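Take a look at the structure below.
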Amino acid sequence: MRYFQLNRFKQYSILPGFNLALGFTLLYLSLIVLIPLSAAFIRTAELTWPEFWSIVTTPRVLASYRLTFGASFAAATINAFFGLLVAWVLVRYHFPGKKIVDALVDLPFALPTAVAGIALTALYAGNGWIGQFLEPLGIKVAFTPLGIFVALTFIGLPFVVRTVQPVLEDIEAELEEAAATLGANRWQTFTRVIFPALYPALMTGFALAFARAIGEYGSVIFIAGNMPMISEITPLLIITKLEQYDYAGATALSVVMLVISFILLLIINLLQWWNRRRSTLT
Amino acid sequence: MVESAAQHPNLRTIMTTITFLLPGKTFPQHATKEPAWVRRTLIGLALVFLTLFLFIPLVSVFYEAFKKGAEVYVAAITDPDAVSAIKLTLLVAVIAVPLNLVFGIAAAWAIAKFEFRGKNLLITMIDLPFSVSPVVSGLIYVLVFGLQGWLGPWLAEHDIKIIFAVPGIVLATMFVTVPFIARELIPLMQAQGTEEEEAAVVLGASGWQTFYHVTLPNIKWGLLYGAILCNARAMGEFGAVSVVSGHIRGSTNTLPLHVEILYNEYNFAAAFAVASLLALLALVTLALKTLIEFRNQQHQKQRGIE
Amino acid sequence: MSIEVISLSKQFGTFTALHNVSLQVHSGELLALLGPSGSGKTTLLRVIAGLETTDSGQVLFHGEDATDQHVRDRHVGFVFQHYALFRNMTIFENVAFGLNVRPKKFRPSKEEIHDRVMKLLHLVQLDWLADRYPHQLSGGQRQRIALARALAVEPRVLLLDEPFGALDAKVRKELRSWLRRLHDDMHITSVFVTHDQEEALEVADRVVVMNEGRIEQIGTPDEVYEQPASPFVYEFLGNVNLFHSRLHRGRAWIGDLEVDAPEHAEAEELAAIAYVRPHEIEVERTQNGEAALAAQIVHVLSVGPIVRLELVRENDDEKHPVHAEISKERFRELQLTKGEKVFIKPKRLDLFPNYPRSQLKH
């Protein structure tokens with residue numbers, strides 16, 4: 001009976017194990033991901049709309065949105081630019097140590113965020129390796145919003161590189177040769193032929209880095225200074241509310257974060273679909 | 001198809017390498033290459049950026065860890081609290097990684113080997129934890145298992161502690177690492193198709209035999225790759241674990257949390273010493289990852305030649 | 001516009017792509033570079049275009065040295081095997097690209113560009129596709145657009161790299177004759193690379209046969225087919241039978257068969273290879289008093305108006321198959337069946353004495 005029902009939405013296959021595999025997948029996903037996630041929404045639904053709205057729009061919260069989104073956007077933009085540059089250099093040029101550099105690009109994926117946080121803080125503090133040169137110039141990085149930007153740049157670095165790199169590798173040399181035979185110089189070839197081909201991947205990488213930066217916590221809290229209204233990111237505000245046993249406030253804020261994450265996820269999926277479509281059409 | 005030598009990738013590489021190694025000799029400018037000064041400027045810019053944002057932070061971890069000498073370093077990582085943090089971190093990984101491994105295989109088997117409605121939705125749901133802030137990931141478990149949570153009163157009645165205890169840490173870690181292995185296996189198994197498995201079934205193999213003798217050998221490297229990345233995240237997760245742990249020294253502290261505590265106590269040398277263990281883990285992860293990628297490339301090349 | 005190539009050499013690592021190649025392309029002719037893969041034909045074309053640099057030698061356009069000129073400045077039209085259309089641009093934008101990237105001073109006005117592009121699209125009979133994107137076109141259409149794009153910049157010469165290589169057989173044949181007609185109308189000096197002998201012989205004014213980085217023969221399609229200059233050309237152009245023979249003072253022996261070889265009058269006891277095209281082998285039921293080789297029919301294959309016979313010579317221990325082609329009429333007349341013994345005799349053969357075996361491909 002059950003088999004019959006499943007068959008209605010599943011194409012026939014002689015391979016066994018579908019029911020078991022899908023059943024386990026759905027059970028596991030529900031228990032670990034979906035039910036806990038739904039808790040945030042259901043708990044928030046206990047609030048009235050005006051209650052919810054007043055929690056998520058206090059000046060302190062609004063300041064944290066501005067900081068979180070502003071710093072994330074700035075970091076993702078820098079990463080889009082330098083990520084494209086790094087991908088270009090890794091794909092197109094040869095230099096000593098290239099293999100090691102290529103492998104290390106993934107470091108922010110592998111390095112625990114807390115470690116990145118304390119390392120960046122030590123570097124950019126007034127007496128740190130890098131901070132000591134910036135301080136005399138009047139540039140304070142650690143314990144300011146600029147520090148948040150630095151941390152978010154670090155953790156978002158691999159995204160653009162790793163989405164652009166394979167697309168760049170796949171661009172046929174013939175396209176650039178064709179542009180050259182038609183009289184285009186290198187810059188024209190880049191802007192008119194190469195860049196349009198990379199654009200969807202670049203946007204995907206940007207969106208991934210942006211999405212990651214918005215939720216980031218570990219690497220930021222060490223370097224941020226965490227001053228309300230100035231250098232307090234939204235995830236930290238959630239923790240603060242939690243520590244004050246303000247569960248309703250923390251939950252409401254996390255619902256805002258979740259909704260934004262889901263919208264970004266949707267955008268990223270659309271971008272990736274666009275990217276795939278581009279690359280499958282010749 | 002017919003190819004000239006000029007189109008042969010290896011020969012091209014040799015050509016460009018020679019050009020790069022002999023900057024003294026002037027070559028007529030190649031049709032689709034930038035002039036040398038542009039090339040060097042771009043390489044230089046990229047390396048400066050990576051140095052500032054990647055290499056220096058990495059090096060500084062080890063520098064700060066050993067700044068006060070090897071004795072302080074050894075003392076920091078053999079401290080009983082540090083040792084218990086190491087043990088807890090390993091325990092968390094030992095539980096979370098195998099469970100996600102089983103999940104990844106099951107999900108990939110269902111998604112890659114069968115056609116059914118709602119598949120794309122399922123893939124998106126598996127990806128969900130990647131887009132959720134770690135802090136939110138921890139919070140949702142508090143909402144379910146915490147004192148104020150759905151199951152809180154019942155758990156308190158039966159004297160079961162999940163939040164601010166090891167089970168909560170394990171659950172939060174499982175949440176953030178759910179997608180790693182599945183994501184690695186799904187595209188791999190989709191690319192491999194179902195022909196080999198169908199052949200095995202036609203020849204009379206049972207489901208488990210088919211999986212063990214046909215599928216598993218084909219995906220073992222992808223499985224390992226996913227497991228390595230999953231493990232790195234499981235051992236290094238900070239935000240989610242921080243919310244559910246309660247920061248009880250010597251009992252609910254993982255390594256990243258221990259780093260935070262030491263740092264907040266201004267015990268920088270010890271904090272960096274413990275952090276250096278995690279940095280080492282990251283480097284080992286990257287090395288293994290690169291090794292598997294290299295192996296896959298060689299494998300593909302061999303297949304290409306056949 | 002004539003092209004002259006003077007002792008070009010090009011090495012890729014340890015691989016010699018071009019070895020001292022010299023070639024003259026006459027103004028207005030359609031020249032084919034023909035050879036197997038790795039023969040250097042594409043490298044030669046790319047060197048002419050400026051897409052590849054040389055180790056030594058010169059390329060002259062209309063007598064002027066262009067060797068160190070950048071590809072941008074050579075004003076060549078280049079058509080790639082896989083079209084290389086820009087997928088983010090419409091067909092119109094693709095064709096207009098070469099005009100749009102010109103410096104402002106030399107760039108035609110918008111209207112002029114529009115007129116010129118539409119004229120070219122009309123020429124390649126695809127003006128109705130101007131607003132489409134490359135992926136919406138078939139392979140044959142894409143290649144015609146690639147050609148229009150190359151012609152838009154009014155190139156001095158047109159270079160085509162395996163232009164029909166990626167197309168299926170039927171479209172290939174259509175485009176082939178279309179290119180020939182187009183060339184007859186425009187008379188632009190054109191060089192195209194192909195590994196398909198039929199394509200080269202059918203389309204080109206002259207054919208350059210290349211092998212291992214060298215030119216084996218240059219000539220009209222008739223010349224290279226009828227009078228191959230080397231065993232390589234013989235084997236590469238069309239099917240051929242190969243017989244080991246002995247040369248001595250103007251006479252040659254293949255087994256018991258003795259033939260005149262007046263051009264080898266001074267040869268003294270030389271080993272030689274004799275080439276005979278399958279259609280130049282005569283098949284008889286009886287010896288008729290003339291010298292002939294006895295052979296047995298091992299296979300009969302009837303293809304349309306001709307019949308292919310596979311034979312084995314009677315005293316050939318290695319049992320090398322000999323291929324003969326006769327008309328269906330003749331086949332019926334002789335009433336041949338598999339397994340029968342017949343007599344074969346070459347109507348015409350070419351002898352190449354002392355040719356090292358290692359250079360022959362089988």
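Letters A, B, ... are given to chains in the order of the sequence lines, protein chains preceding strands, and every chain is numbered from 1. Just so it is clear, the structure is predicted and the values come from calculations on it, not from any experiment.
- Counting heavy atoms from C-beta outward, A/Glu177 and C/Phe78 have side chains that stay 4.5 Å or more apart.
- Surrounding NZ of A/Lys98 are more than 12 heavy atoms belonging to other residues, nucleotides or ligands, all under 6.0 Å away.
- C/Phe86 and A/Leu175 get closest at one heavy-atom pair: CE2-O, 3.4 Å.
- Residue A/Ala180 comes nearest to C/Val71 through the heavy atom pair CB-CG1, 3.6 Å, listed as atom of the first residue, atom of the second, then distance.
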Item checked: Criterion side-chain contact (heavy atoms from CB on, under 4.5 Å) on C/Leu51 and A/Thr181, from CA distance to verdict -> CA-CA 8 Å; C/Leu51 290 170; A/Thr181 60; 4.1 Å; yes

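- Note that CD of C/Gln81 and CD of A/Glu174 are 7.0 Å apart. Values are rounded to the nearest 0.5 Å.
- Within residues 91-98 of chain C, the residues having any heavy atom less than 4.5 Å from a heavy atom of chain A are, in residue-number order, C/Phe97, C/Gly98.
- Nearest approach of C/Asn88 to A/Pro196, heavy atoms of both residues: ND2-CB, 3.1 Å.
- With a 4.5 angstrom heavy-atom cutoff, C/Leu99 does not touch chain A via any of its atoms.
- The number of heavy-atom neighbours closer than 6.0 Å to NE2 of C/His62, taken from other residues, nucleotides and ligands shown, is 12 or below.
- Other residues, nucleotides and ligands place no more than 12 heavy atoms under 6.0 Å from the CG atom of C/Asp131.
- For C/Ala150, the part lying near chain A is the backbone, with the side chain staying farther off; criterion is any non-hydrogen pair under 4.5 Å.
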Next item on the list: Tell me, with the steps shown, if A/Arg192 and C/Asn100 meet side-chain contact (heavy atoms from CB on, under 4.5 Å).
Entry: CA-CA 11 Å; A/Arg192 291 169 189 237; C/Asn100 279 327; 3.8 Å; yes

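- For the residue pair C/Arg149 and A/Ala178, the shortest heavy atom distance occurs at NH2-CB, 3.4 Å.
- Residue-environment remark: CG (A/Leu34) exceeds the threshold of 12 foreign heavy atoms within 6.0 Å.
- The 12-atom threshold is exceeded at CZ of A/Phe69, counting heavy atoms of other residues, nucleotides or ligands nearer than 6.0 Å.
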